[in-house]
Amino acid sequence: MLKTRPLPYDFHFNQLLTALVRMKHYNVAVSFFTDMCTLSVPIDIITFNIAINCCCHSNRLDYAFSLLAGIFKRGFVPDVFTYTTLIRGLLSQDKSAEARILFTNLVKYKEFQPNVVTYSTMINGLCKTGHADMALWLFRFMEKSGCKPNTVTYSTIIDSLCKRGLVDDALNLHSEMIEKGILPNGCTYSPIIQVLCNVNRWGEVDRLLKQMIDDMKISPDIHTFTILVDAYSKSGKLDDAKRLIEIMNERGKYPDIVTYSSLMQAYCSRGEMDEALAVLNTIRSKKMTPNCYTYNILLDAYCRELKLDTAMDLYRNMACEGLEPTVETHSILLHGLCRLGKSVEALAFFYKIQGQGHKLDIVIYRTLLDGLCKNQYVDKALSLFHLTRCNGLIPDRDTYNIIIRGCLRNKRYSEACKFMDKMVDCGFLADAFTTSLLQHLLLSEVQDPILLAMHQKCLHSGNHEENHRVHIPEDINSGGPGFTALYGIFKPKEDNLCES
DNA sequence: CTAGGGTTAG
């Protein structure tokens, strides 16, 4: 008798499958799983769950659901992992309505008992699809139904609050979790620190960083460091940002493509393109691959400097490097073309990218509509506006305001008025730019009754808020804790080096 | 053995 028997047949397959997942080769994992099925390798519910997760990660929801059918067909019972994975899949595909239906029905018919992961997944998805109110409701509901939120749940809600600019609510929730004995981690602190930087509450950034490092013994990771590098870059403190990158290198928390892109952005916004390109070289020398974000930052900078040819060269270069341009890439280029008065060329470019099947969104339409109107092509703008809905996009408040101002500037008052009525019907109000343009026209021209009526509508709709407040710091160097404080936080390296 | 959260762009 042999002492060691060969491992079971399916063992190697499962090992390989999990290895593929670890390497994030989800597509390969899915086809490997189908091969396992054809080869009649024994498959259990866990393997099914892994396969379903891979489908969700590679945007193959239909296949994920057909695997659910496969689970039933083999007489297995889907578990909380299966359903949580499917819910996350739906949410990541912008199908939050479907996810909500699946979740509520499963609970209603007692198909499964959601756990803290399911709730957190659902809450995160709701936050990311613009249903933050529902997310908050579910957050309070889960507690009531006996499922305690954990660090992940709290971090998810805190992040959402931060993204909506509700810093103080986020801070309150942060205190609440500590009081309840749920310890925050890096994912909890990062979004709060980021938003505090954005609103120049640097004293609190300082306090939170100290609390995180000294009290909670959390040493900042790449995410937190990158947020700080970005914040320093954006507040004009390039030297501090660079020093922070040095600290990262010293600590072995090596800056990644995001960190360097942030630094590059800082140079771009100063118009120091040579320096920006030097950062790009650093990225390449460290064997990192520039991604779409990196390119978009550069493209935008060249467009702002009216160097459209350079921008277009870079755009073609992206394709050579195998990078799919994003909707932002195209928006940047269209904006660049319009800024140079080439709005007809922009329109042609728009049709080209549409023909190539690239994603279009409302910002693309806004950019083009604005460009066409500013270059006196109102009729082209009007027909494009009507095309918006045909392409499944709904004009929002900003889009309406752009077309209204376009009509006004080109003396197409009755059309402007019609759009204003439509906009109000849709529940949107005129913004501050439109209101002040109307006032300007009324003061400088013959008082057109249509303009007067439109202006009345602006006032009646209660549009007195300041819509486009621009934050102008009193002094560019007054914001931020400055290098001394920064150094104070990161100096005692030996103490902070402890990893958890 | 399988599921959840935080960083850069228009």
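We name chains A, B, ... by the order of the sequence lines, and we start the count at 1 in each one.
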Q: Taking only the side-chain heavy atoms of A:Thr226 (C-beta and beyond), determine which of B:dT7, B:dT2, B:dA9 contains the nearest atom.
A: B:dT7
Q: Measure the CG-OG distance between A:Asn150 and A:Ser120 for me, rounded to the nearest 0.5 Å.
A: 5.0 Å
Q: Take atom CG of A:Leu91 and atom C1' of B:dG5, then tell me their distance rounded to the nearest Å.
A: 14 Å
**Q.** Side chain of A:Val258 (C-beta onward), nearest among B:dT8, B:dG6, B:dG4
**A.** B:dT8
Q) Of the nucleotides B:dC1, B:dG10, B:dA3, which has the atom closest to the A:Ile364 side chain? A) B:dG10
Q: Assign A:Thr151 to base, sugar-phosphate, or nothing according to its heavy-atom contacts below 4.0 angstrom with the strands shown.
A: base
Q: Could you tell me whether A:Val229 contacts a base, only the sugar-phosphate backbone, or nothing, with contacts defined as non-hydrogen atoms closer than 4.0 Å?
A: nothing
Q.
Quick check for you: among B:dG10, B:dT7, B:dG6, whose closest atom lies nearest to any side-chain atom of A:Glu328?
A. B:dG10
Q. Which is true for A:Thr121 with a 4.0 Å heavy-atom rule: it touches a base, it touches only sugar-phosphate, or it touches nothing?
A. sugar-phosphate
**Q.** Distance, nearest 0.5 Å, that separates OH of A:Tyr83 from OG1 of A:Thr118
**A.** 12.0 Å
Q. Within this structure, what is the OH-to-P distance between A:Tyr260 and B:dT7, rounded to whole angstrom?
A. 20 Å
Q: May I have the step-by-step check of ring-ring contact (aromatic ring centres under 6.0 Å, His included) for A:Tyr302 and A:Tyr295, ending in yes or no?
A: CA-CA 11 Å; A:Tyr302 281 123; A:Tyr295 271 105; over 10 Å; no
Q: Can you tell me the distance, in whole Å, between the CG atom of A:Leu209 and the P atom of B:dT7?
A: 16 Å
Q. Within this structure, what is the OH-to-P distance between A:Tyr119 and B:dG5, rounded to whole angstrom?
A. 18 Å
Q: Just call it for A:Thr18: base, sugar-phosphate, or nothing, with non-hydrogen atoms closer than 4.0 Å on any strand.
A: nothing
(Q) If you only use heavy atoms from C-beta on, which nucleotide in B:dG5, B:dG10, B:dG4 is closest to the side chain of A:Asp300? (A) B:dG10
Q. In terms of heavy-atom contacts, does NZ of A:Lys180 have more than 12 from other residues, nucleotides or ligands at under 6.0 Å?
A. yes
Q. With distance as the sole criterion, do the side chain of A:Asn150 and the base of B:dG4 form a donor-acceptor contact below 3.5 Å?
A. yes
Q. Any donor-acceptor pair under 3.5 Å between the side chain of A:Thr156 and the base of B:dG6?
A. no
Q. If you look at every strand shown and take non-hydrogen atoms under 4.0 Å, does A:Val21 touch a base, only sugar-phosphate, or nothing?
A. nothing
Q) Quick one: do A:Arg201 and A:Asp168 make a salt bridge, cutoff under 4.0 Å? A) yes
Q) Rounded to the nearest 0.5 Å, how far does CZ of A:Arg405 lie from CZ of A:Phe433? A) 6.5 Å
Q. Once you round it to whole Å, what is the distance between P of B:dA3 and CG of A:Leu106?
A. 19 Å
Q: Identify whether any heavy atom of A:Ser120 sits under 4.0 Å from a base atom; if not, whether one sits that close to sugar-phosphate; answer base, sugar-phosphate or nothing.
A: base
Q | Nearest-0.5 Å distance, CD1 of residue A:Ile71 to CG of residue A:Asp79 | A | 7.5 Å
Q: Indicate whether OP1 or OP2 belonging to B:dG4 is found under 4.0 Å from a side-chain N or O atom of A:Lys128.
A: no
Q.
Classify A:Thr294 by what it touches in the nucleic acid, base, sugar-phosphate, or nothing, heavy-atom distance under 4.0 Å.
A. nothing
Q.
Using whole Å, what does the distance between atom C1' of nucleotide B:dA9 and atom CD1 of A:Ile257 come to?
A. 13 Å
(Q) What's the closest nucleotide to the side chain of A:Ser155 if the choices are B:dA3, B:dG6, B:dG5? (A) B:dG5
Q: Give A:Thr82 one of three labels, base, sugar-phosphate or nothing, depending on what nucleic acid heavy atoms sit under 4.0 Å from its own.
A: nothing
Q) Which nucleotide in the list B:dG4, B:dG10, B:dA3 gets nearest to the side chain of A:Val116? A) B:dG4
Q. OP1, OP2 of B:dA9 versus side-chain N and O of A:Lys234: anything below 4.0 Å?
A. yes
Q.
Classify A:Thr326 by what it touches in the nucleic acid, base, sugar-phosphate, or nothing, heavy-atom distance under 4.0 Å.
A. base
Q.
Once you apply a heavy-atom cut-off of 4.0 Å, does A:Asp159 come out as touching a base, just sugar-phosphate, or nothing?
A. sugar-phosphate
Q. Taking only residues two or more places apart in sequence, or in another chain, which ones meet A:Arg304 in a salt bridge (charged side-chain N to carboxylate O under 4.0 Å, His left out)?
A. A:Asp300
Q) Roughly how many Å is it from CG in A:Leu173 to C1' in B:dG5, rounded to a whole number? A) 13 Å
Q) Contact class for A:Gln194 (heavy atom, under 4.0 Å): base, sugar-phosphate, or nothing? A) sugar-phosphate
Q) Has A:Lys163 got a side-chain N or O lying under 4.0 Å from the OP1 or OP2 atom of B:dT7? A) yes
(Q) What's the closest nucleotide to the side chain of A:Val152 if the choices are B:dA9, B:dG4, B:dT2? (A) B:dG4
Q.
Can you measure A:Ile222 atom CD1 to B:dG6 atom C1' for me and round it to whole angstrom units?
A. 13 Å
Q: With the side chain of A:Thr85 defined as its heavy atoms from C-beta on, choose the nearest nucleotide among B:dA3, B:dG4, B:dT8.
A: B:dA3
Q) Side chain of A:Asn185: nearest nucleotide among B:dA9, B:dG5, B:dA3? A) B:dG5
Q) Which is true for A:Ile52 with a 4.0 Å heavy-atom rule: it touches a base, it touches only sugar-phosphate, or it touches nothing? A) nothing
Q) Considering only heavy atoms and no angle criterion, is a donor-acceptor pair shorter than 3.5 Å present between the side chain of A:Asn115 and the base of B:dA3? A) yes
